[in-house]
S.K.: 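Sharing a structure below in structure tokens format, with a few things to ask.
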Protein chains: 2
Amino acid sequence: MAAIKPSSTIQENKQYALELCPVTYVMEKIGNYWKPIILFHVAKGPLRYSEIKRAIPAITEKVLIQHLKQLEADGLVIRESKPVVPPHVTYRLSASGKGLYPVIEAMAAWAFEERAGRFA
Amino acid sequence: MAAIKPSSTIQENKQYALELCPVTYVMEKIGNYWKPIILFHVAKGPLRYSEIKRAIPAITEKVLIQHLKQLEADGLVIRESKPVVPPHVTYRLSASGKGLYPVIEAMAAWAFEERAGRFA
DNA sequence: ACAAGTACTTACCCTAAAGTATGTATTATG
DNA sequence: CATAATACATACTTTAGGGTAAGTACTTGT
């Protein structure tokens with residue numbers, strides 16, 4: 001665990017925002033390049049770790065597992081493992097994570113509109 | 001402009017994702033801690049630079065202007081300046097930026113639900 | 001004459017996040 | 001006995017983004 005530098009303005013923002021700005025609250029949990037992408041795929045149903053990896057070829061295993069752990073810690077995804085060999089682990093959205101459906105869907109919808117040049 | 005390191009997997013992802021994953025497409029444009037926060041405020045109507053700054057006390061001026069320029073370059077916000085002294089510059093959402101309303105609103109909605117413990 | 005206000009710019013430093021590479025446990029299978 | 005498969009872990013390096021501090025131009029107010 002890296003020590004937190006208290007003078008960082010992004011740290012200040014955490015305090016401010018949790019009170020006043022709803023979007024900042026969200027960014028604290030999924031304000032990262034990979035997290036929404038991961039959530040988008042995990043939303044498709046319980047997926048095994050390896051399936052998620054295959055769905056996002058460009059992500060490295062370190063970064064993937066790191067974010068999965070974080071998302072789990074933040075209560076957005078649920079990890080389930082069967083005690084078999086080779087290991088069998090699945091990830092799915094929690095109730096809270098499912099609450100992000102509208103966000104993810106709105107993103108996907110915007111991407112299609114944008115690519116179709118419908119805003120131009 | 002910093003040179004791009006082509007071996008970065010996040011760079012690879014840009015190619016892959018623009019074709020296949022709509023969420024990645026979105027992350028290319030607003031996949032950053034501050035951008036959605038800025039958009040959330042700019043959505044409230046044409047705002048002066050200083051008003052945006054005041055709305056997000058924790059952000060530094062460098063980072064704010066940097067992202068505003070980027071958002072403008074990506075066609076999400078529109079900058080308008082009146083040639084007066086002191087300068088008068090306003091920022092507002094473009095059609096494309098307004099297309100992100102649902103995303104921003106869904107985020108805000110989720111934040112309230114989450115804080116209210118409605119997913120717990 | 002000096003500070004204040006606006007919307008920036010620029011140079012430099014630092015850190016958090018990402019990337020690279022390799023290793024681990026367990027069992028089945030050839 | 002070595003290899004494959006799964007789901008990670010860990011040490012180390014690199015980079016992009018963020019933070020700090022100072023400066024610019026032009027005018028109004030004191």
Side-chain angles (χ1 to χ4, degrees), chain A residues 1-14 24 27-38 42 46-73 77 79-91, chain B residues 1-14 24 27-38 42 46-73 77 79-91:
Chain A
M1 305 299 157
I4 295 168
K5 195 192 170 195
S7 63
S8 166
T9 72
I10 197 166
Q11 296 302 324
E12 284 173 36
N13 204 39
K14 291 184 186 183
T24 295
M27 298 323 283
E28 291 304 317
K29 306 232 168 180
I30 60 165
N32 161 275
Y33 181 85
W34 294 110
K35 277 179 184 171
I37 297 172
I38 294 170
V42 172
L47 285 184
R48 299 186 63 170
Y49 169 82
S50 53
E51 290 175 313
I52 304 171
K53 176 67 186 74
R54 249 167 292 153
I56 316 172
I59 202 171
T60 65
E61 294 203 21
K62 187 199 115 183
V63 171
L64 175 56
I65 196 76
Q66 188 174 288
H67 284 119
L68 283 172
K69 297 280 175 205
Q70 189 64 56
L71 290 168
E72 194 196 357
V77 309
R79 192 191 100 112
E80 255 157 351
S81 72
K82 294 176 188 165
V84 293
V85 155
H88 188 98
V89 178
T90 57
Y91 292 88
Chain B
M1 304 300 157
I4 295 168
K5 195 192 170 195
S7 64
S8 165
T9 73
I10 196 166
Q11 297 301 326
E12 284 174 37
N13 204 39
K14 291 185 187 182
T24 295
M27 298 323 282
E28 290 305 317
K29 307 233 169 179
I30 59 166
N32 162 276
Y33 181 85
W34 294 110
K35 277 179 184 170
I37 297 172
I38 294 171
V42 172
L47 286 184
R48 301 186 62 170
Y49 170 83
S50 54
E51 291 176 312
I52 303 170
K53 176 69 186 75
R54 249 167 291 150
I56 316 172
I59 202 172
T60 65
E61 295 203 19
K62 187 199 115 183
V63 171
L64 176 55
I65 197 76
Q66 187 174 287
H67 284 121
L68 283 172
K69 296 282 175 204
Q70 189 63 58
L71 290 169
E72 194 196 357
V77 309
R79 191 192 101 112
E80 256 157 351
S81 72
K82 293 177 188 165
V84 295
V85 156
H88 188 100
V89 178
T90 56
Y91 293 89

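Each chain gets a letter, A, B and so on, in the order its sequence line appears, and its residues count up from 1. Hydrogens, waters and symmetry mates play no part in the numbers below; they use all other heavy atoms, side chains included.
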S.K.: To the nearest angstrom, how far is A:M27 atom CE from D:dG18 atom P?
M.R.: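 Taking CE of A:M27 and P of D:dG18, I get 10 Å after rounding.
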S.K.: If you define the side chain from C-beta out and look only at heavy atoms, does anything of B:L68 sit under 4.5 Å from B:Y49?
M.R.: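 Answer yes - side chains close enough.
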S.K.: In whole angstroms, how far is the P atom of C:dA17 from the CD1 atom of A:I59?
M.R.: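 About 14 Å, once rounded to whole Å.
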S.K.: For the pair B:K53 (side chain) and B:I59 (backbone), establish whether a donor and an acceptor sit closer than 3.5 Å, ignoring hydrogens and angles.
M.R.: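 Side chain of B:K53 to backbone of B:I59, a donor-acceptor pair under 3.5 Å: yes, one is there.
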S.K.: Once you round it to whole Å, what is the distance between C1' of C:dG19 and CH2 of A:W34?
M.R.: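 Rounding to the nearest Å, CH2 of A:W34 and C1' of C:dG19 are 11 Å apart.
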S.K.: Just wondering, do A:K35 and A:K29 contact through their side chains at under 4.5 Å, heavy atoms?
M.R.: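 Not touching, per the 4.5 Å side-chain cut-off.
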S.K.: OP1 or OP2 of C:dA18 sitting under 4.0 Å from any side-chain N/O of A:N32?
M.R.: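 Indeed, a polar side-chain atom of A:N32 lies that close.
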S.K.: From CG of A:L71 over to C1' of D:dC8, roughly how many Å is that when rounded to an integer?
M.R.: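 Interatomic distance, CG of A:L71 to C1' of D:dC8: 16 Å.
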S.K.: State, to 0.1 Å, how close A:P87 and A:R48 come at their nearest heavy-atom pair, and which atoms those are.
M.R.: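 Minimum heavy-atom separation between A:P87 and A:R48: O-NH2, 3.1 Å.
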S.K.: Find the distance B:Y33:OH to D:dA16:C1' and express it as a whole number of Å.
M.R.: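 Distance, rounded to whole Å: 18 Å.
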S.K.: How long is the line joining NZ of A:K82 and C1' of C:dT27, in whole Å?
M.R.: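 Going from NZ in A:K82 over to C1' in C:dT27 covers 17 Å.
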S.K.: Counting just side-chain N and O atoms, does B:H67 come under 4.0 Å of either OP1 or OP2 of D:dG18?
M.R.: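 Yes.
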S.K.: Please round to the nearest 0.5 Å and tell me the distance separating atom NE2 of A:H67 and atom CD of A:E72.
M.R.: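 Separation between the atoms: 14.5 Å.
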S.K.: B:Q66 CD to D:dG17 P: how many Å, rounded?
M.R.: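 Computing the B:Q66:CD to D:dG17:P distance gives 8 Å.
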S.K.: A:E80 has an atom CD; how far is it from atom P of D:dA7, in whole Å?
M.R.: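 Going from A:E80 (CD) to D:dA7 (P), I get 14 Å.
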S.K.: Classify the side-chain pair B:Y91/B:E80 by whether it contains a donor and acceptor separated by less than 3.5 Å.
M.R.: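 Looking only at side-chain atoms, B:E80 and B:Y91 do not form any donor-acceptor pair under 3.5 Å.
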S.K.: Quick one, give me the B/S/- string for nucleotides 5-12 of chain C, reading 5' to 3', where B means a protein heavy atom under 4.0 Å from the base and S means that only happens at the primed atoms, P, OP1 or OP2.
M.R.: BBSBBBB-
